[in-house]
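Presented below is the structure to which this report refers.
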Amino acid sequence: MARVIFPDEIEKLIGENNLMVDARVFRDVVTELIGRYPELKESSLDKMAVAIDDVIVVDPLLEPINSDSDIYFFHFVTGG
Amino acid sequence: MKNTNEATDASHYKYIGTRSIRPDGFEKVTGRANYGADLSLPGMIWGKMLRSPHAHAMIKSIDISKAEALAGVMAVVTYNDFPSVSSEIVATGEGTEDLLDLARNLMADGKVLYHGHAILGVAAISRQIAEQALALIDVEYEVLPAVLDVRDAMAKDAPVLHEKMYTEGLAETPNTASNVASVVELKKGDVDAGFAQADVIVEREFYTPTVHQGYIEPHACTVRYDEHGQSMVWCSTQGHFDVRATTAKLLHMSLSKLKVIASEIGGGFGGKTTVYLEPVALLMSKKSGRPVKMIMDRDEVFKASGPGSATRNWIKIGAKNDGTITAMQGKLHYEAGAFKGSPARLGGMTAFTPYDVENMFVECYDVVVNKPKVAAYRAPGAPQAEYAAEMIVSELAARLAIDPIDFRLQNAAKEGTKTIYGPKLKRVGLVECLEAAKNSPHYQQALKENQGRGVSSGFWFNIGGSSSVTLNMNRDGTGTIVEGSPDIGGSRASMQLMAAETLGIAAESFKTIVADTENIAHNDGTGGSRTTFATGMAVVEAAKDVIRQMKERAASVWNVNVDVIDWVDGVAINVGGSEKLSAAEICATADRTGGQISGQGNINARGAGPSFAVHICDVEVDKETGKVDVVRYTAIQDAGKAIHPSYVEGQYQGGAAQGIGWALNEEYVYNDKGILQNPGFLDYRIPLASDLPMIETVIVEVPNPAHPFGVRGVGESGIIPPLAATAYAVSDAINAPITDLPCSPPNVLAVIQANS
Amino acid sequence: MPIVDYKAPVSVDEAITMLADCNTDVKVLAGGTDLIIQARPASSNPLTVIDVKYIDSMMTASVDSDGLTLGPAMSCAEFTARDDIKAIYPGLVEAAYLIGSTQVQGRASVGGNLSNASPAADTIPPLIANGARCVVAGPDGERDVAVEDFVVGVGNNCMLAGELLKKIHLPLPQARTSDAYLRFIPRTEMDIAVAGAGVSITLNSDGLCTAARVAIGAVAVTALLVPAAAEALIGTKLEDSALQAAASAASAASKPISDRRGTADYRRHVVGVLVKRAASIAAQRAQEK
Amino acid sequence: MAKVHVNTTVNGDAVEFLCNPGETLLDILRNDLQLTGTKEGCGSGDCGACSITVDDRLVCSCLVLAVEAEGKKIGTIEGVADKDQLNVIQQKFLEHAALQCGICTPGLIVSVQALLKENPNPTEEQARYYLAGNLCRCTGYDKIIRAVMDAAETMRGAA
């Protein structure tokens with residue numbers, strides 16, 4: 001099972017700061033999360049940056065997830 | 001996911017790392033390059049904005065009749081001319097923004113929120129008549145008290161800017177409107193436990209003022225609206241695809257009906273990642289049936305584009321006597337300007353990232369005030385928070401009697417360090433930068449009387465994103481690199497070098513062009529130091545695509561399997577035989593072998609190129625006047641791999657100069673009514689040639705595992721360390737703590753007098 | 001544009017006639033580095049400008065036994081290149097050199113700087129310190145006004161409608177006399193003075209100060225002549241205590257405001273520092289004469 | 001308001017134009033003569049992007065009235081190179097990477113040309129003060145000053 005770790009604003013919404021999910025690609029993670037917490041659908045989950053095993057990916061969908069992956073959601077990073 | 005892009009051994013590079021002449025150089029030194037204000041079209045008219053003389057007011061009425069009656073006036077547009085706008089989060093060059101806020105910033109909707117807030121646009125047959133028309137418009141205001149600082153904005157009875165804005169991120173949903181848009185917490189470990197282990201704890205609150213990017217080219221555009229065909233925007237922007245997306249959304253146009261051409265851009269530093277003029281100009285073009293040109297005056301740029309946030313940041317750091325930092329804590333307050341969306345959270349994400357410390361906690365407040373909506377400014381949010389953190393780190397080192405570089409080395413972030421925002425750092429070069437600083441001739445040099453020295457680290461992410469590149473090969477074996485990333489600092493040269501290196505063909509054989517939105521697929525803007533990293537990766541992909549095709553063509557000419565073809569120095573070689581075909585030969589006969597050759601690299605670049613910088617600053621203080629002179633300065637930064645070393649050094653030096661300006665003299669000065677007192681280069685004092693010494697540079701190269709050539713973005717980290725390096729040097733020279741920027745003569749003299 | 005007419009007379013008399021005959025607001029155009037910006041707002045009144053740069057006497061300078069006679073519209077670039085003037089009035093030349101960038105120097109003039117009458121004008125304190133006088137010409141003839149009386153308020157000079165600043169005259173300094181001007185700005189260039197000090201010092205052969213004039217700028221509505229500061233120097237050998245007394249007198253005489261360029265307290269303090277430093281430099285130069 | 005007819009010389013070419021009495025030379029150069037190499041950064045003489053020469057004297061064209069060009073000799077960035085042959089200063093700017101965005105570059109090159117004409121052997125400090133009115137926000141001036149010093153040396157060698 002991959003571990004998903006949330007930032008403060010998602011934690012405040014769902015009351016958890018991390019979850020274990022079964023996923024093969026990143027899409028499975030999102031489907032699973034919204035299935036468990038429908039309120040996440042309205043959140044800015046899809047506007048956040050994601051780090052999968054410490055590799056930052058903007059707007060992922062088909063990124064492979066390993067059984068021991070760590071997946072961090074965090075604020076979308078821009079620049080000047 | 002396993003990263004397959006292993007960095008290659010640098011010593012084998014033939015083109016990368018050379019100091020080639022930039023391909024767009026000739027146009028730029030002869031005055032032939034066309035910038036935002038340089039396009040004129042037949043029948044073109046001139047647009048100007050009417051701007052608020054008040055910081056906060058209700059608009060009671062607007063009378064445009066006299067202006068409309070003036071001969072030569074062709075169109076007047078207000079907020080009501082926008083098609084219906086609703087609240088919707090849209091991606092802009094700055095990340096995300098509420099479309100409604102964007103529209104209300106372009107032209108006020110019944111309420112003005114800062115001095116200079118645009119109210120309406122007028123287009124006339126000359127710039128002078130447009131200005132005369134503005135003087136004929138009567139606006140009746142009901143002036144409201146202005147909120148000019150986070151403290152005022154958060155006070156109990158503060159006037160509220162937005163009646164429907166409720167603080168997000170609180171444990172309980174609030175039921176009264178507030179100027180605090182959001183509160184976010186970032187944490188790692190347990191700071192209370194960490195502080196309990198500390199032998200020494202230092203805490204202070206720091207202030208940084210509103211500052212401007214200060215690009216020399218004002219915002220400008222020329223547009224033509226065409227209901228039936230193809231509307232066109234020519235403008236100076238860091239991201240023309242973002243201009244197209246935002247403008248089309250606001251005006252209910254399809255993307256295919258709006259072409260945006262990025263002119264040459266005269267500086268941006270983050271400030272040209274959103275729109276201020278283009279949608280209004282298009283509305284006026286639609287109304288008048290004429291092309292419309294708009295150029296901001298310099299005072300408009302200061303009053304009403306997007307400066308960098310003023311902040312009040314409290315930082316507390318604890319360490320053991322042996323130099324181990326045990327806990328780092330911060331409470332950050334960032335001004336967003338008139339609409340929510342300051343980079344407070346980015347401040348929180350960067351403040352302590354140069355440190356491998358177990359316990360961290362940061363609270364980030366995004367606060368609206370009656371000032372222009374902030375925009376990105378070079379590592380947005382990071383300089384302010386890292387300034388505060390680095391000042392405390394330096395003070396702590398002094399209290400512990402440890403060399404400030406040794407103290408930083410002892411606690412330095414490295415591969416595997418878990419960041420406060422979650423993931424662990426990959427291979428990074430902070431330690432190498434600190435060591436280079438320690439070994440630099442500068443750091444060995446003794447200080448003289450009235451001089452002081454400061455050292456500071458800085459961190460920025462440098463995220464990839466979407467880039468598309470087409471590499472069109474010509475029949476003579478030369479090629480055109482078609483990219484969609486506006487070249488703001490010489491990146492065309494870097495693209496050329498990366499294509500040359502990948503293909504093994506001389507760099508001069510390639511021309512790099514920045515295509516408009518019709519001639520290349522979507523590209524994210526030039527921002528976040530992503531261009532050489534991500535667009536460079538796309539160039540490599542496109543070049544590899546060309547190599548693949550070249551090999552196929554050679555194989556078909558020789559009637560062999562493609563597997564036996566090697567590609568060496570721009571030549572296809574039949575490994576099984578002795579035949580060779582150069583790129584030029586393959587291109588010359590391409591029609592016979594299947595048509596012309598064109599490579600494609602459309603990517604969403606994975607990974608990031610975190611770049612750490614370490615700066616050393618020596619200042620001399622005139623203790624009778626408080627005036628500070630920078631006498632020596634060294635900028636050290638990890639470039640991963642410097643594709644074009646001159647332009648890498650240029651980024652370090654430019655970042656240092658901007659940061660020195662931020663530290664010493666730059667600030668927005670408002671009066672108590674919120675009227676900006678210094679909207680010009682006379683009194684918004686950016687550094688001059690005579691203000692600065694040579695800025696020494698050291699390029700550290702710790703290859704980025706996420707890039708084929710090991711590139712890290714270098715544009716932004718360099719503006720972070722100068723604030724604390726300079727301010728701490730002042731503090732060292734006068735032997736008194738500095739907390740508030742700028743270290744302008746009156747402020748420094750006040751600190752000297754208070755401590756004598 | 002508010003500038004609606006442009007005239008270029010070739011003599012002072014012609015200029016005075018044009019000034020008198022004008023039926024709009026009228027201003028004299030020398031370098032234009034202040035005027036062109038001031039005339040820009042669309043809401044300002046229609047303005048006629050009289051360009052005096054085609055009048056030879058307005059554009060030349062001569063030094064003789066009487067002192068310096070300066071054409072008010074001569075560009076700072078030309079003025080500061082004149083070694084004969086620099087040898088006698090180094091402080092005034094330094095002040096002219098401080099006005100704006102190289103580009104502005106190419107246009108701006110001492111007379112323009114004086115007539116524009118900004119409290120922070122760099123040339124006014126050294127002009128006062130050198131006892132400079134203005135020759136003002138008008139329809140009713142000429143009059144002669146001391147520089148400290150020429151400037152009457154922020155942006156205001158004593159000239160009446162139809163009058164023209166025709167000449168600036170500086171007397172030849174006594175033996176062992178020299179001057180200095182220092183201003184304080186936050187950067188090294190391109191700023192408006194936060195405070196300024198022009199000092200002229202005369203020494204006797206023993207190095208005793210026998211005469212002094214001290215003028216300060218940017219610390220009141222007009223530049224101020226500060227006799228108390230001069231008195232603190234006269235009769236001394238400019239020891240630290242005398243310099244400090246002059247500094248205190250200058251600070252006491254100043255009536256500064258707080259604005260985007262500095263607070264009142266800061267200006268009051270810094271003008272004293274500048275008087276002290278400028279007096280030392282002027283004395284050093286006087287010694288070397 | 002009657003327009004004024006002005007006869008002048010721009011980069012050696014005889015030029016005539018009509019202007020309003022209040023129009024700046026910068027506006028005429030850019031909008032009427034299509035010489036857009038001269039840039040507008042501030043309109044108040046504080047940035048130097050519009051630097052040109054009038055009778056060989058360096059000025060900000062935003063602070064010159066177009067009518068004042070009558071009978072004068074105007075020099076702009078477009079006149080610095082000899083056809084496609086870059087001047088030494090332009091060449092050195094490219095070699096030293098003394099430009100990033102390039103908006104200040106035309107004004108700087110015109111100013112450096114004026115500097116080296118007045119003073120072929122400037123010290124670094126003299127160069128920095130002479131160019132203090134040409135703002136550059138990208139480079140921190142380091143590479144610009146190196147280009148200037150190198151150009152000066154090369155030109156002295158050629159002289």
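Labels below follow one simple rule: chain letters A, B, ... track the order of the sequence lines, proteins then strands, and each chain is numbered from 1.
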Is the CD atom of B:Q677 crowded by more than 12 outside heavy atoms at less than 6.0 Å? yes

Side chains of [X] and [Y], heavy atoms from C-beta outward: is any pair under 4.5 Å?
{"X": "D:L86", "Y": "B:T30", "value": "yes"}
{"X": "B:D38", "Y": "D:K39", "value": "yes"}
{"X": "B:Q128", "Y": "D:D27", "value": "yes"}
{"X": "D:Y130", "Y": "B:S690", "value": "no"}

What's the spacing between [X] [atom1] and [Y] [atom2] if we round to 0.5 Å?
{"X": "B:I21", "Y": "D:Q91", "atom1": "CD1", "atom2": "CD", "answer": "6.0 Å"}
{"X": "D:I103", "Y": "B:Y215", "atom1": "CD1", "atom2": "OH", "answer": "12.5 Å"}
{"X": "D:L135", "Y": "B:I686", "atom1": "CG", "atom2": "CD1", "answer": "4.5 Å"}

Residue, of [options], that accumulates the most heavy atom pairs under 4.5 Å with chain D:
{"options": "B:Q213, B:H644, B:M296, B:R19", "value": "B:Q213"}
{"options": "B:G267, B:A493, B:G268, B:G266", "value": "B:G266"}
{"options": "B:D299, B:L682, B:I295", "value": "B:L682"}
{"options": "B:G654, B:G680, B:A657", "value": "B:G654"}

Identify the heavy atoms of [X] and [Y] that sit nearest to each other, and give their distance.
{"X": "B:R32", "Y": "D:K83", "answer": "NH2-O, 3.7 Å"}
{"X": "B:V29", "Y": "D:Q90", "answer": "O-NE2, 2.8 Å"}
{"X": "D:P106", "Y": "B:G31", "answer": "CG-CA, 4.3 Å"}
{"X": "B:Y647", "Y": "D:L99", "answer": "CE2-O, 3.3 Å"}

Do the side chains of B:E666 and D:R137 get close enough for a salt bridge, i.e. N-O under 4.0 angstrom? yes

Please check: side-chain N/O of [X] versus main-chain N/O of [Y], any donor-acceptor pairing under 3.5 Å?
{"X": "D:D142", "Y": "B:M694", "answer": "no"}
{"X": "D:R128", "Y": "B:L692", "answer": "yes"}
{"X": "B:E264", "Y": "D:C101", "answer": "no"}
{"X": "D:Y141", "Y": "B:P687", "answer": "yes"}
{"X": "B:Q653", "Y": "D:G140", "answer": "no"}

Of the backbone (N, CA, C, O) and the side chain (C-beta and beyond), which part of D:F93 lies under 4.5 Å from a heavy atom of chain B, both, or neither? side chain

Which atoms of D:N31 approach chain B - backbone, side chain, both or neither, heavy atom under 4.5 Å: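 Interface part for D:N31: side chain.
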
Step-by-step side-chain contact (heavy atoms from CB on, under 4.5 Å) determination, D:D84 to B:F26: CA-CA 9 Å; D:D84 273 358; B:F26 184 88; 3.7 Å; yes

Which atoms of [X] approach chain D - backbone, side chain, both or neither, heavy atom under 4.5 Å:
{"X": "B:Y633", "answer": "neither"}
{"X": "B:P693", "answer": "backbone"}
{"X": "B:I216", "answer": "both"}
{"X": "B:A656", "answer": "neither"}

Any idea which of D:E124, D:E95, D:H96 has the most non-hydrogen atom pairs under 4.5 angstrom with chain B?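 The answer is D:E124.
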
Return all side-chain donor-acceptor pairs below 3.5 angstrom for residues 40-50 of chain D, not counting sequence neighbours, or 'none' if the list is empty.
from: D:S44; atom 1: OG; to: D:D46; atom 2: OD2; distance (Å): 2.8

